[in-house]
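See below for the structure under consideration.
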Amino acid sequence: MTPTPLARRPIVDGWTLHAGRGPVPDEVRARLDTGVVAATVPGCVHTDLMDAGLIPDPYLDDNEALLAWIGRVDWTYRTTFTWSPDGHDRHDLVFDGLDTIARIEVNGRVLAETANQHRSYRMPLDATPADTFLRDGVNELVVHFTAPVPHTNAQSLTLGVRPRPYPFPYEAIRKSACSFGWDWGIATATSGIWREVRIESWSTARLAEVRLRADPDGDGGAVTVTVQVERADPATADDLRVRIGIADAVAEHTLSHHADAVTLRLDLERVERWWPAGYGHPHLYDATVALLTAAETLDTAERRVGFRTVEWNTTPDEAGTPFTLVINDQPIYVKGANWIPDDAFPSRVDRSRYGRRLRQARDANLNLIRVWGGGIYESDDFYDLCDELGLLTWQDFLFACAAYPEEEPLRSEIEAEARENIVRLASHPSLVLLNGNNENLWGFEDWDWKRRLDGRTWGAFYYYDLFPRLVAELASHVPYAPGSPFSPGGEHPNAEEHGSMHLWEQWNRQDWLTYRDHRPRFVAEFGWQGPPTWTTLRRAVSDDPLTPESPGMTVHQKAMEGNVKLTTGLVPHLRVPDDMESWHWAMQLNQAIAVRTALEHFRSWAPHTMGAVVWQLNDCWPVTSWAAIDGDERAKPLFHALRRAFADRTISIQPRDGGLAAVIANDTADAWSSSLSVRRLTYAGAVRAEETIGFDVDARGTTTVLLPDALTRTDAAEDEVLVADADAVRGTWYFAEARDSTLPAARFFVEVSSVDGGSEITVTADSMLRDLTFLIDRIDPDAHVEDGLLTLLPGERATVRVRHAGALDAAQLADPSVARTMNELVTP
Ligand code: BMA
């Protein structure tokens, strides 16, 4: 009988959930013991229990603590599937993801045991015809999960006690570190079959590994593919052919006798380059790799490839060591944000949710997303969408803020997971960096680990030896850095003059104005906290009254001394309001202006500083955090700050040489020549000094224009503002802190007209307005307002688009709970 191509049959139906050992509440156990609680695969225990009505939503109020028992329970998933001989030689059970310590049984026999959430597993069901796990007819599949919390605690003693900033020893298990809680994350310690499980049936041979790289070559390009095959019967050695095709171009190679690996190259005469967002179109090509016999196709793999070169320039210069991303010979100013799992139950994040989040990232003018090492390797959908949107990706290996054991069994697990994910991700044109860990090199130097480790290993082997070797072997076209922060020259890992830097002192101990005291070469993390949108907050926290410290608020604020830092960070700039809605707005606004100030400052030093990656883009549940987009997918005011500070063309006013300068940044392919109108005005709008200054900025360039004393010196600091305008781009400078200023009560008019897909709001300022923002969720929880943080002089007018269904009216928009300004945080 002739073999048919490899067949994939997902096992999705008939799953039930069962509890084993552990502190399950009696009434929940009684229901589970009936054996009919349905489970969803892919999924996890928490979402199954929620769907069955056995637990409340863990994200609400203090349900996190109420549900802490779930991580201390052994869980079992059961289903049946029918199977009968179909002519194929081999049948494998394939799990794309198991979370985490699992034993898999088929028809009552143990098939395999696993201990790593970050790997997939292939388990031959009938590797030898004499010994098969399969039965003709109904088969039973059972997956037992060991409770992760007691398991990890026990492992941490076996492997040795190690330093980390959180009490739970997440370094002792290969499971998403933040699933045990983080300074923005709920602790769930969930279990489950979190990615697809299926049976793959195949004959003769299959594609066991496909490694692909695409390299531009003048106007053309070459795709190099290395294929590993697995033969059903290694003793029989049929000739196999491997073929790669892109459009009409094809390359083919015969794999003769017993060979199981081949590399082939396909040359294309003309290709369009892949460019990141803001630099051109992200051209992609569909590549198909096929494994064939003389008669037919056995297996295929599809990849979308893009042709671009990538390097990080770390050649030392007079100022130290840059960390400059260069794509297709073009230095890129990185406008980035850090990414965490988009839901504490990542199995719920589907392609459309990834798409919404990544499109928001594009709308915020980002060009890079860093996938942070305390989370997960995201699904293929994430990287596919980044390729399509031109969003560069930087992927951490999954190590964060802790010393990690280098001993078995972790050592082999880590090698296996790294191999698999390097191969899986390396063909994506968006991937520009693989990074050894988050903050572990820094921790080793600065957080007293050397002493506290007391001779134990901490992970250096992975970051300096294993990972660079694996990247060189499997994906030599992908740049690698041992950590973030990292200094290429062997300096202190967080050295300002060298490589990448994390700036956390501002949030933790200093005022945000001190960002200006630093001139890093590249900022890979910095950020400021703020609460989620009001609608999200009120969905999650039902406290009555709601106060900054009420019980639910405290559960939904995970940062060490978080609320104290919010307040000490606010008082130098704005008044601390007493009513809760204004407190919420004040903290959101302070988050936005802190990050905006930092981003304008970093960008003003380009090309000395060549990028800033904000902590953090997204949230995994409703929480006060550093995120720009909250856990219910709503944009916080910080979103508008990113969008403005990362716009193609910006003007900011910066302190320089004891005075002030306008820094004009032009991240476009065209030079920008224009004139700058600079005015010093009172808040009432009277012009005290004014000047027009011509300027030329190169394409992708920055120009600094020192401003004359007449503009920058004032005797009325509390009542004056400096504005620099060119071609509808504005920079502003305030001579005094808002709280010490005479900024008047806000007066403005709002008009609304409907446009395609929503409304257009026109605001006319009757007084000076600072940072006018429409908290649109207060009117329509599904609406999105495209712009915010508007600063208008008296008499000026601006329009803002809102995407929404239904109607908006001007009176609703002008309501003080919706239209918020900085003014109200100044005027008593
Ligand atoms: C850095 C990150 C995260 C953390 C953030 C805020 O250390 O790498 O671990 O969430 O700061 O504290």
Side-chain angles (χ1 to χ4, degrees), residues 163-171 176-187 336-342 344 368-376 394-404 433 435-449 459 463 481-486 493-494 499-510 512 515 520 522-532 556-566 568-569 587 591 594-595 598 612-621 623-631 636 638:
R164 88 192 77 68
Y166 300 95
F168 192 80
Y170 57 82
E171 77 284 354
S176 176
C178 66
S179 81
F180 299 105
W182 211 260
D183 60 1
W184 35 257
I186 179 176
N338 284 277
W339 172 279
I340 62 167
D342 205 50
L368 181 140
I369 305 284
R370 171 182 173 221
V371 182
W372 167 77
I376 55 173
W394 150 343
Q395 174 72 51
D396 286 5
F397 286 97
L398 300 185
F399 300 82
C401 306
Y404 282 78
L433 189 68
N435 171 50
N437 68 75
N438 176 70
E439 296 188 346
N440 296 354
L441 309 182
W442 188 17
F444 183 68
E445 287 303 325
D446 279 8
W447 304 347
D448 199 25
W449 288 4
Y463 319 135
S484 183
F486 171 65
N494 207 34
S500 58
M501 186 178 196
H502 292 194
L503 278 167
W504 281 113
E505 284 303 301
Q506 288 64 32
W507 159 253
N508 283 317
R509 275 165 285 275
Q510 302 171 0
W512 49 253
Y515 286 121
F522 186 98
V523 192
E525 276 186 21
F526 78 100
W528 206 271
Q529 271 205 344
H556 292 253
Q557 162 62 284
K558 299 294 189 189
M560 203 195 296
E561 300 270 284
N563 276 10
V564 173
K565 291 173 186 174
L566 285 176
T568 49
M587 294 309 175
Q591 173 186 36
V595 173
V613 187
V614 174
W615 186 270
Q616 68 209 64
L617 178 70
N618 57 338
D619 264 334
C620 64
W621 73 311
V623 68
T624 296
S625 85
W626 298 263
I629 301 165
D630 75 24
K636 292 158 69 170
L638 173 59

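Start at 1 and go down the list; that is how both ligands and their atoms are numbered.
- For ligand 1 and C401, the ligand atoms under 4.0 Å from any heavy atom of the residue are 9 (O).
- Residues Y463 and F397 keep their aromatic ring centres 6.0 Å or farther apart.
- Across N563, D183, T624, a single residue satisfies side-chain hydrogen bond (donor to acceptor under 3.5 Å, both in side chains) together with Q557, and that is N563.
- Counting only heavy atoms of the protein, atom 8 (O) of ligand 1 lies nearest to N438 ND2, 2.7 Å.
- At a heavy-atom cutoff of 4.0 Å, ligand 1 is contacted by no atom of H502, backbone or side chain.
- Ion pairing between E505 and R509 holds under the 4.0 Å rule for side-chain N and carboxylate O.
- Here the OH-CD distance, from Y515 to Q510, works out to 9.5 Å after rounding to the nearest 0.5 Å.
- Under the 4.0 angstrom criterion for non-hydrogen atoms, G374 is not in contact with ligand 1.
- Residue-level proximity to ligand 1 for A400 is absent, since no heavy atom of it falls below 4.0 angstrom.
- Under 4.0 angstrom from ligand 1, the non-hydrogen atoms of W626 all belong to its side chain.
- With respect to atom 9 (O) of ligand 1, the closest heavy atom belonging to the protein is W182 NE1, 2.9 Å.
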Practice problem: Show your reasoning for whether side-chain hydrogen bond (donor to acceptor under 3.5 Å, both in side chains) applies to R164 and N440. | Solution: CA-CA 9 Å; R164 88 192 77 68; N440 296 354; over 6 Å; no
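- In terms of modelled atom types and a separation under 3.5 Å, the side chain of N338 and the main chain of V614 share a donor-acceptor contact.
- At a heavy-atom distance under 4.0 Å, only side-chain atoms of E525, from C-beta outward, approach ligand 1.
- Put simply, no part of W507 is less than 4.0 Å from ligand 1, judged by heavy atoms.
- You'll find the side chain of Q395 stays beyond 4.5 Å of the side chain of N435, heavy atoms only.
- Comparing heavy-atom distances from atom 6 (C) of ligand 1 across D183, N437, N338 singles out D183 as nearest.
- Interatomic distance, F486 CZ to W442 CH2, rounded to the nearest 0.5 Å: 15.5 Å.
- Annotation: Y166 places no N or O atom under 3.5 Å from an N or O atom of ligand 1; distance criterion only.
- Given atom 7 (O) of ligand 1, the protein heavy atom at minimum distance is E439 OE1, 2.7 Å.
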